[in-house]
Amino acid sequence: MDHKLQVYNTLSRTKELFQPLNSPRVGMYVCGPTVYGDAHLGHARPGITFDLVFRYLQHLGYKVRYVRNITDVGHLENDADQGEDKIAKKARLEQLEPMEVAQHFSDRYHLNMSQLNVLNPSIEPRASGHIIEQIEMIKKILAAGFAYEVNGSVYFDVLSYNKKYPYGKLSGRVIDDLLSNTRALEGQEEKRNPMDFALWKKAQPEHIMRWPSPWSDGFPGWHMECSAMSAKYLGEHFDIHGGGMDLLFPHHESEIAQSQAANGTDPCKYWLHNNMITINGQKMGKSLNNFITLNEFFNGQHAGLDRAYSPMCIRFFILQAHYRSTLDFSNEALQAAEKGYKRLMIAVSLLNKLQASSNTGTELQSFLKEFPMNSYAAMDDDFNSPILIAQLFEAVKWINLLADKKETISESDLVEFKRLVNVFIFEILGLKEEQGNENNQSVDGLMQIVIELRQNAKTAKDFATSDRIRDALKELGILIKDTKDGATWTIEN
RNA sequence: GGUUUCGUGGCCGAGUGGCUAGGCACCGGUCUGCAAAACCGAUUACAGCGGUUCGAAUCCGCUCGAAACCUCCA
């Protein structure tokens, strides 16, 4: 591992050399979804971003334990249903058990992630399965004097914590500003201070999801689950904590406070945050009601979509932007990404059919030398996938020249070229081929007959017939391309 | 109002002091019976103003504009 991997740490707001606490082992925790609705395009961003991180760290030889939680309790709603849990609300509306709702949407989330070729995390803990751990941690925070109990609820005491540790160091917030700017919300009269946050909430009678605790029958607060579960599976101090930028405050800030208060240590060394996906310049999200679900992208059934977009098109679209940049959605941008993705995939299949020559052209030689260097340099620079993709398009150019027999490559260079392209495209970027029915044997045989008949017509200069065959196939979504070695066909999705 | 960011060509999107990113679209050429694809070439840029510098998209200041967070949110 002679790589100098730099990662942007939100805590220091700089790129830092990545040095695991216990190399070659790496512990990574990422905030997963709250399962009360279908995953939308915004959910694909952290899924794919941290999949890229997971894949690249593993490629470099690290033994990564990747923990991504499922939030199936907690997260209070702050609208009319004050005090009622999102999962419970949805359940009551649909006359389902809360756990039934959580199961339903986590199954659908898993399907979407698998469609996007996102690898499963090593451990996927559920908040509801770790109530005991959360209660134990709250006890520790109380014992340390950084929390107080009121009427069966427990709140984190931000002011007393701030006397010993800096509250706000992750998000750059200052206590005094928070004090003067925190909005007065209803139902907060139990708190000593508006910025205090709940560690445990006593359940109201109508609240279905509840567990016994030393303080009341209730449920854990907003931020407890991630603190408790990351500590359980990765230790009290681990390497990487990831999530969306919108979780920076208060969620991650509070996680730091909870871990510091309970365990006397920062939970992790590196904080990584992916940026938002925007639509017309605005964040795509539930609260703005401008989101498009992944299923809608895959089947095209949404008013904002010109047509369906495949999972790999979405994945490629996301990887073409750096994970810390906002990424603006539009049909035009998605279609551009799709074309680029297909061009890349066509080149891969051409590469696998290339014939080697006795030697490699000199310019290609120097490219083959720079290609891995530049590609690794891009990934080592805070997972810069757009630069890696630009490198891959350079490779595409050479592959096409080779396929056109305008350039030559030796057997050993060809083997290495194939290996590198496969490593970067499939192993690291996690793209995959999305073929139609090209691999179906009977369809393939049928197409050979059609192509042969068309070739006969062409040889007889009966272009009316040959064009008719080509046009009719195009109507069916099958594209014919004439090359020097005969015609080929592909299915357009 | 506070905190954190951002403003790059027709669209998306890299790039942090001198060295053409890349993709998509458009135009010209090569190839082709014609297409498509591919290859070659051309074109469109760094919000505005000022400053630092031999030199700034890149650093500094101001102005204008946008976003996220400050309340659940990926």
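A note on names: the letters A, B, ... follow the listed sequences, proteins ahead of strands, and every chain is numbered from 1.
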(request) Whenever both distances are under 3.5 Å in a Watson-Crick or G-U wobble pair, mark it; put RNA chain B into dot-bracket that way, with [ ] for crossing pairs and | when the partner is on another strand. (result) (((((((..(((.....[...)))..((((.......)))).....(((((..]....))))))))))))....

(message) Going by salt bridge (Lys or Arg N to Asp or Glu O under 4.0 Å), name the residues that satisfy it together with A/K169, two or more places apart in sequence or in a different chain.
(response) A/D266

(message) Tell me every residue that passes salt bridge (Lys or Arg N to Asp or Glu O under 4.0 Å) with A/R454, counting only those two or more places apart in sequence or in another chain.
(response) A/D482

Please state how far atom [atom1] in [X] lies from atom [atom2] in [N], giving the value in whole angstrom units.
X	N	atom1	atom2	value
A/Q282	B/A74	CD	P	17 Å
A/M209	B/C72	CE	P	18 Å
A/E475	B/A35	CD	P	20 Å
A/I292	B/C73	CD1	P	22 Å
A/L334	B/A25	CG	C1'	16 Å
A/Y36	B/A74	OH	P	6 Å

Considering only [options], which nucleotide approaches the side chain of [X] most closely?
X	options	answer
A/R173	B/U4, B/A74, B/U3	B/U3
A/D482	B/C34, B/C69, B/C24	B/C34
A/Y8	B/A74, B/G33, B/U5	B/U5

Whole-angstrom distance between [N] and [M], as gauged at atom [atom1]:
N	M	atom1	result
B/C11	B/C73	P	35 Å
B/U43	B/G50	C1'	32 Å
B/A21	B/G61	C1'	30 Å
B/A37	B/G28	P	15 Å
B/A25	B/C59	P	33 Å
B/G41	B/A74	C1'	44 Å
B/A38	B/U32	C1'	12 Å
B/C69	B/C62	C1'	26 Å

(message) Does anything in residues 108-121 of chain A form a side-chain hydrogen bond (donor to acceptor under 3.5 Å, both in side chains)? List the pairs, not counting sequence neighbours.
(response) A/D38-A/R108, A/H110-A/E124, A/N112-A/Q115, A/N112-A/N295

(message) salt bridge (Lys or Arg N to Asp or Glu O under 4.0 Å), that's the test. Do A/D467 and A/R470 meet it? Break it down for me.
(response) CA-CA 5 Å; A/D467 286 355; A/R470 188 173 64 196; 3.5 Å; yes

Can you tell me if the side-chain N/O atoms of [X] get under 4.0 Å from OP1 or OP2 in [N]?
X	N	answer
A/N384	B/G15	yes
A/T326	B/A68	no
A/K283	B/C69	yes
A/T49	B/A74	no
A/K481	B/A35	no

(request) Identify which one of A/H251, A/H252, A/E253 satisfies the side-chain contact (heavy atoms from CB on, under 4.5 Å) criterion when paired with A/H223. (result) A/H251

Answer with base, sugar-phosphate or nothing: what part of the nucleic acid does [X] contact at a heavy-atom distance below 4.0 Å?
X	value
A/F463	base
A/L41	nothing
A/M276	base
A/G42	base
A/H40	base

Ring pair (Phe, Tyr, Trp, His ring centres under 6.0 Å) involving [X] - partner list, sequence neighbours excluded:
X	value
A/F424	A/F371, A/Y376
A/H130	A/Y233
A/Y56	none
A/F54	A/Y66

(request) Establish, yes or no, whether a centroid distance under 6.0 Å links the rings of A/Y161 and A/F156. (result)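 Here the rings of A/F156 and A/Y161 have centres that are less than 6.0 Å from each other.
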
(message) On the six-membered ring of A/Y8, is A/R324 placed so that its NZ or CZ lies under 6.0 angstrom from the centre and within 45° of the ring axis?
(response)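 Because its charged atom sits under 6.0 Å from the ring centre and within 45° of the axis, A/R324 does stack over A/Y8.
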
(message) Just to be sure I understand the geometry, which residues of residues 464-474 of chain A put a non-hydrogen atom under 4.0 Å away from RNA chain B?
(response)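 By residue number: A/S466, A/D467, A/R470.
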
All N/O pairs under 3.5 Å across the protein-nucleotides 10-12 of chain B interface:
from	atom 1	to	atom 2	distance (Å)
B/C11	O2'	A/E332	OE1	3.4

(message) Let me spell it out: for each of A/L247 and A/K15, pick the nucleotide of RNA chain B with the closest heavy atom. Which residue's pick is nearer the 5' end?
(response) A/K15

(message) Nearest heavy atom decides the nucleotide; on that basis, is A/I389 or A/S325 closer to the 5' end of RNA chain B?
(response) A/S325

(message) Looking at A/E434 and A/M312, would you say the former's side chain and the latter's main chain have a donor-acceptor pair under 3.5 Å?
(response) yes

(message) Tell me whether A/N331 contacts the main-chain N or O of A/D306 through its side chain, where contact means a donor paired with an acceptor under 3.5 Å.
(response)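 At least one qualifying donor-acceptor pair exists.
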
(message) I'd like to know if A/R126 and A/D72 make a salt bridge, using a cut-off of under 4.0 Å between side-chain N and carboxylate O.
(response)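 So A/R126 pairs with A/D72 through a salt bridge.
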
(request) Using a 4.0 Å heavy-atom cut-off, write out nucleotides 38-43 of chain B from 5' to 3' as B (base contacted by protein), S (sugar-phosphate only) or - (no contact). (result) SSS---

(request) Dump the intermediate steps for salt bridge (Lys or Arg N to Asp or Glu O under 4.0 Å) on A/D51 and A/R55, then the final yes or no. (result) CA-CA 6 Å; A/D51 188 52; A/R55 286 171 181 272; 2.8 Å; yes

(message) Please list all pairs meeting ring-ring contact (aromatic ring centres under 6.0 Å, His included) that have one or both residues in residues 456-480 of chain A, counting only residues at least two apart or in different chains.
(response)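 ring-ring contact (aromatic ring centres under 6.0 Å, His included) check on residues 456-480 of chain A returns no pairs.
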
